[in-house]
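See below for the structure under consideration.
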Amino acid sequence: MLDIKFIREHLDLVKSKCSQRGLKLNFDLITKIDSERRNLLGKVEALKYERNTVSDKVGKLKREGKDFRDEIAEMKKVSQEIKQLDQLLHDNENSLEQLLLEIPNIPHHSVKVGEGEADNPEIKRWGEIPRFDFTPLPHWDIGENLDILDFARGSKITGARFTLYKGLGAQLERSLINFMLDLHTQQHNYTEILPPFMVNKESMMGTGQLPKFEEDLFKLEDVGYYLIPTAEVPVTNIHRNEIIPGTSLPLYYTAYTPCFRKEAGSYGKDTKGLVRQHQFNKVELVKFVIPETSYDELEKLLLNAEEVLKKLNIPYRVVDLCMGDLGFSSSKTYDIEVWLPGQNRYVEISSCSNFEEFQARRANIRYRKDNKSKTKFVHTLNGSGLAVGRTLLAILENYQQEDGSVVIPEALRPYLGGIERITKD
RNA sequence: GGAGAGAUGGCCGAGCUGGUUGAAGGCGCUCGCCUGCUAAGCGAGUGUAGGGCUAAAACCUUACCGGGGGUUCGAAUCCCCCUCUCUCCGCCA
């Protein structure tokens, strides 16, 4: 959420950034409601001041045993008026709040203008794209041939976009989770979290999934909870409505969770294989930092995520999302994309973002530098470190052999009892 | 699921027969003083958010005692609803 004061004072900037994101918002209405609000506030507060003053006087008169009927009669009228104005103010503030919740974050000045995916500047590439003496297969064929992925039964058990992992497939997924968590906790200094996989509405509001993106979420109607679409939600909300002591910042958290997404609006896209599922595993990285350092922290976060692919020796590139592709809550986002030889394309495997104070303001996460300073909003960041299912499929496609087997990346072997290769039997 | 108890400032904890309580007392913290063998004592200060005024402060003002409504001239205190926590019983991985 943006600060209404900021919008008021930087209206042109906010307008132009929104339109560069491809959004049309009614800022005239916002401005109008805001000035009405301040007007009402002034009126009602003056009346409340009067009421408070006279009520004090009534108390005094009562103690002195004097008559106070006139005062009460008069205040009765004032109270009626306050009640009416308070109602108006309340409605006004609700509408303003609704409008503000729909305004996206302001992109960082380094974010390039562009309309979509195709316009994202590529900022680096790492690793060597493997050459094959045979035609590399997509992972769904590899997985089915090795009997480690079963898409048909996943659909039978639940429905489309659910997959059954089996044998070494299931173990490989589990080993990747452990490998990533160990890397981030032992070498990158993150604290491991195992959060709830369902959250309430307030938490979804806090990170920006609600109210705008309800159609992407799975909801449990009877209790009103939502299945998390990413660990970002429960982990960022750890500190909702808290004031964090400046001395404990920055905070680094990492969490493995399954993620649940309806993938509304992506019908017909990636219908085969593991790329786009309603349920997938992810190891997430979340940071709470002081504002001055947040862009340095973003670079470090990106490196921490990249490190997983470097250790696994899987080629990838990094793109800097342009205005049109940038997420609603984000100020700046780097996507890491892995190379998939079986499909001859890059696919996103991590998204690392700085939200600046956008989420912190919504979730009311503040910090106090020291005892003397005022509270300020923290900056929050997060990134996948990494999407586990997509990492698995990247291994299958990049490490596939002509005989249909798949070599296990060396870094992962200790997590799989030393196995070097997945073969047909 | 049944019965009961509770939710107050950074923390602990009074107030809850409605009116000098933004909130006693203690702890913590900040500044100052005193004294100086690891410590203590004394004094002052110490919430958050919004609005107005301002170059900025100072200042004025409103709201906030889990959340939301209500009663009242006036609510931390009374009433209703909700959420959460704790204890006991039941069920259960």
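Being a predicted model, the structure only gives us computed values, none of them experimental. When reading the values below, keep in mind they use all heavy atoms of this one structure, side chains included, and skip hydrogens, waters and symmetry mates. In what follows, chains are A, B, ... by sequence order, proteins preceding strands, each numbered from 1.
When the P atom of B/G51 is taken as reference, atom CG of A/Asn92 falls 13 Å away, rounded to whole Å. Atom CG of A/Leu96 and atom P of B/G50 are 13 Å apart (whole Å). Here B/G51 presents its C1' atom at 14 Å from CD of A/Glu9, a figure rounded to the nearest Å. As a whole-Å value, the separation of A/Gln80 CD from B/U71 C1' is 12 Å. As a whole-Å value, the separation of A/Arg368 CZ from B/G47 C1' is 8 Å. The interatomic distance linking A/Arg37 (CZ) with B/G52 (C1') rounds to 13 Å, in whole Å. Summarising the geometry, the separation between CG on A/Leu40 and P on B/G52 is reported as 13 Å, rounded to the nearest angstrom. Here B/U83 presents its P atom at 15 Å from NZ of A/Lys201, a figure rounded to the nearest Å.
Residue pairs meeting the side chain to side chain donor-acceptor pair (under 3.5 Å) criterion with at least one member in residues 165-190 of chain A, sequence neighbours excluded: A/Asp147-A/Lys166, A/Tyr165-A/Glu173, A/Glu173-A/Asn281, A/Asp182-A/Tyr415, A/His184-A/His188, A/Tyr190-A/Asn304. For the salt bridge (Lys or Arg N to Asp or Glu O under 4.0 Å) condition, the pairs that include at least one residue of residues 373-390 of chain A, sequence neighbours left out, are A/Glu292-A/Lys376. Sorted by first and then second residue, the salt bridge (Lys or Arg N to Asp or Glu O under 4.0 Å) pairs with a member in residues 378-389 of chain A form an empty list; sequence neighbours excluded.
For the P atoms, the distance from B/G47 to B/C11 is 14 Å, rounded to whole Å. The gap from the C1' atom of B/A5 to that of B/G9 amounts to 23 Å, rounded to the nearest Å. Rounded to a whole angstrom, the distance from the P atom of B/C78 to that of B/C84 is 23 Å. With C1' as the reference atom, B/G51 and B/C65 are 23 Å apart, rounded to whole Å. Nucleotides B/A63 and B/G6 place their C1' atoms 26 Å apart, quoted to the nearest Å. A distance of about 44 Å separates the P atoms of B/C92 and B/U17, rounded to the whole Å. As rounded to the nearest Å, B/U54 and B/C59 have C1' atoms that lie 10 Å from one another. B/C81 and B/U62 have their P atoms separated by 32 Å, given to the nearest Å.
At least one donor-acceptor pair closer than 3.5 Å links the side chain of A/Asn237 to the backbone N or O of A/Ser203.
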Under 3.5 Å, which protein N or O atoms sit close to an N or O of nucleotides 60-68 of chain B? Give each pair with its distance.
| from | atom 1 | to | atom 2 | distance (Å) |
| --- | --- | --- | --- | --- |
| B/U62 | OP1 | A/Asn52 | ND2 | 3.2 |

Dump the pairs, protein N or O against N or O of nucleotides 19-24 of chain B, anything under 3.5 Å, distances to one decimal.
| from | atom 1 | to | atom 2 | distance (Å) |
| --- | --- | --- | --- | --- |
| B/G19 | O2' | A/Arg63 | NH2 | 3.3 |
| B/G19 | O6 | A/Lys62 | NZ | 3.2 |
| B/G19 | N2 | A/Ser55 | O | 3.0 |

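Using a 4.0 Å heavy-atom cutoff across all strands shown, A/Arg8 reaches sugar-phosphate atoms only and no base atom. Contacts of A/Lys5 with the nucleic acid, taken as non-hydrogen atoms under 4.0 Å apart, involve only primed sugar atoms and P, OP1 or OP2.
Between A/Arg38 and A/Lys374, the residue anchored nearer the 5' end of RNA chain B, judged by the nucleotide with its closest heavy atom, is A/Lys374. Of the two residues near RNA chain B, A/Lys76 and A/Ile4, the one whose nearest nucleotide lies more 5' is A/Ile4.
The environment of NZ in A/Lys212 is crowded: more than 12 heavy-atom neighbours from other residues, nucleotides or ligands sit within 6.0 Å.
For A/Glu192, there are no side chain to side chain donor-acceptor pair (under 3.5 Å) partners two or more places apart in sequence or in a different chain. Residues that satisfy the side chain to side chain donor-acceptor pair (under 3.5 Å) test with A/Lys76, not counting sequence neighbours, are absent from this structure. Among residues two or more places apart in sequence or in another chain, the side chain to side chain donor-acceptor pair (under 3.5 Å) test is passed with A/Lys48 by A/Asp86. Considering only residues two or more places apart in sequence or on other chains, A/Asn39 meets the side chain to side chain contact (heavy atoms under 4.5 Å, CB included) condition with A/Lys43. Not counting sequence neighbours, the partners of A/Arg153 by the side chain to side chain donor-acceptor pair (under 3.5 Å) test are A/Asp150. With sequence neighbours excluded, the residues satisfying side chain to side chain contact (heavy atoms under 4.5 Å, CB included) with A/Glu410 are A/Arg413.
A salt bridge is absent between A/Lys32 and A/Asp28; no separation between the charged side-chain nitrogens and carboxylate oxygens falls under 4.0 Å.
Between B/A49, B/U71, B/C73, one nucleotide has an atom nearer to the side chain of A/Lys83 than all others, and that is B/U71.
For the OP1/OP2 pair of B/A49 and a distance below 4.0 Å, the side-chain nitrogens and oxygens of A/Arg366 include at least one atom meeting the criterion. For A/Lys43 and B/G51, the shortest distance from a side-chain N or O to OP1 or OP2 is not below 4.0 Å. Dashed line: the shortest gap from a side-chain N or O of A/Ser79 to OP1 or OP2 of B/U72 is not under 4.0 Å.
Aromatic pair A/Phe260/A/Phe197: ring centres not closer than 6.0 Å.
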Requested in this report: Fill in the dot-bracket string of RNA chain B, one character per base: . for unpaired, | for a pair to another strand, ( ) or [ ] for pairs within the strand, taking Watson-Crick or G-U pairs under 3.5 Å.
Outcome: ((((((((.[[[..)...(.....]]]((((((.......))))))((((((......)))))).[[[[[..)....]]]]])))))))....
